[in-house]
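Reading through the structure tokens given below for one structure.
Residue numbering restarts at 1 for every chain, and letters A, B, ... go by the order of the sequence lines.
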Protein chains: 2
Amino acid sequence: MLASRYFGLMIARTPATPADAPLIAELIERLARLVRAERHAAGLNPAQWDALTYLARCNRYSNTPGAVARFLNATKGTASQTLNALERKHLLQRRPDPESGRVVRLFLTPRGETLAARDPMQELTAAAATLPATQREAMLQGLAAMLTQLQRGRGDRPFGVCHTCRHFRAGAKGERTHWCTLLEQTLQDSDRTRLCAEHEPA
Amino acid sequence: MLASRYFGLMIARTPATPADAPLIAELIERLARLVRAERHAAGLNPAQWDALTYLARCNRYSNTPGAVARFLNATKGTASQTLNALERKHLLQRRPDPESGRVVRLFLTPRGETLAARDPMQELTAAAATLPATQREAMLQGLAAMLTQLQRGRGDRPFGVCHTCRHFRAGAKGERTHWCTLLEQTLQDSDRTRLCAEHEPA
DNA sequence: TCTTGATAGTATCGAGTCGATACAATAAAG
DNA sequence: CTTTATTGTATCGACTCGATACTATCAAGA
């Protein structure tokens, strides 16, 4: 129990809360703040990095300003401004959707793709990689549980990847195309592991 | 392994990195962003909450603008502006240090103290509290390890509480005063669990 | 068809963050 | 007694962020 003695946040606010719960919250906050500081790099700021790396990782139905806004937990207005900044820096292009006149599609430019691969968050990843495997597993589950619980409390949708979605229908063995029953669209094999704004857990 | 399938961040950047390390990083980021959104409350913004709650929890030698800046991982200039905002809102008072003419001491007003107790981060704490105890323990250790590693990499000091510091000399049993060998000052019992900017692990 | 309403996105405003730079004052060390 | 380091502040420009107001498009019902 070195950790809890080391970072002492002993102010117990509700007696029902276990003593180490506030410590976990504190550590998550401080880690996030550290990465935030790290993410003022390459002329981008944290919000811009978030949007850029989201767009590098979402499937082709989730590359809209609205999806970015929801992913960033920001209002549409705020997200729109961040997208303006990325567009001004020629990392991103807005194009009208051919299907629907009120939808805008976002595409990274080659420069944007290149930059997205250099996300400063890698430092956090590297730190996580040094942990023993069993601990990583416990953290993964714990963090995921915390996130889904908080999101449920806010009533917003949690963003997942296609192949864990209840609208996903895998193609036959060896088949490289799949099907989304919600959008009624063909999915490429590469879409399987991409973030989708319409994701609903199976 | 529901978690890693649910949040698929499959872009392995270095082959040496375990597959779940980026997931952990991603989850920490998203949790932090959620809390950040939550922290636009009571007329304060996240940076102001950070400074306010730090000042509510630090010992009386660490309530300076410089310590706030280091705790927030911000420059002195940025921290100074945040402190301006808090002072304008009458949550905080700057007073010159009687000992040293270039040091400023920060004191929360009664309103500031009251507000600090209503930190929106409590939601994160509540989410952590629902986890099983063994998982909390693993997360605590893992997060602490990640934080210290990142801080070491940046070469900055990690902020701990007095009674884990190598400069701390506990008073005799039942004694309510202690001693700091660095500042050569008496410490009250209540200081034992407060954050100190000069902290060095024992 | 007309109309009402929901949805997707943008523009603008004001307060504030944030790093960078420049600068003041004080303290310490030679 | 002069450097030099430390502590803190002011100002600038780009940007975030929520709030508000707005436009355009689509959808569903009368």
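Interface residues of residues 59-80 of chain B facing DNA chain C, ordered by number: B:Ala74, B:Thr75, B:Thr78; criterion, heavy-atom separation under 4.0 Å. Contacts with DNA chain D (heavy atom under 4.0 Å) in residues 82-98 of chain A: A:Thr82, A:Arg88, A:Lys89, listed by number. Across residues 32-46 of chain A, A:Arg36, A:His40 each have a non-hydrogen atom less than 4.0 Å from an atom of DNA chain C (numbered order).
Taking atom CD of A:Gln48 as the reference point, atom C1' of C:dC18 lies 12 Å away to the nearest angstrom. Distance CD (A:Glu99) to P (C:dA8): 15 Å, rounded to an integer number of Å.
With no hydrogens or angles considered, no side-chain donor-acceptor pair links A:Asn63 and A:Arg194 at under 3.5 Å.
The CE atom of A:Met139 sits 12.0 Å away from atom CG of B:Leu23, with the distance rounded to the nearest 0.5 Å.
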- Determine, stepwise, if the pair A:Arg36 / B:Glu29 fulfils salt bridge (Lys or Arg N to Asp or Glu O under 4.0 Å). CA-CA 9 Å; A:Arg36 246 184 97 70; B:Glu29 278 266 330; over 6 Å; no
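Ion pairing between B:Arg39 and B:Asp50 holds under the 4.0 Å rule for side-chain N and carboxylate O.
Side chain of A:Glu87 to backbone of A:Arg94: a donor-acceptor contact under 3.5 angstrom is found. Between the side chain of B:Asp191 and the main chain of B:Gln188, a donor-acceptor pair closer than 3.5 Å is present. A donor-acceptor pair under 3.5 Å is absent between the side-chain atoms of A:Asn73 and the main chain of B:Ala37, judged by distance alone. The closest donor-acceptor contact from the side chain of A:Ser80 to the backbone of A:Lys76 lies at 3.5 Å or more, if one exists at all. A donor-acceptor contact shorter than 3.5 Å links the side chain of B:His163 to the backbone of B:Arg192.
Nearest-nucleotide positions on DNA chain D for A:Ala47 and B:Arg102 put B:Arg102 closer to the 5' end.
Of the side-chain N and O atoms in B:Gln81, none sit less than 4.0 angstrom from OP1 or OP2 of C:dG19.
A cation-pi arrangement, defined by a distance under 6.0 Å to the six-membered ring centre and an angle within 45 degrees of its axis, is present between B:Arg30 and A:Phe159.
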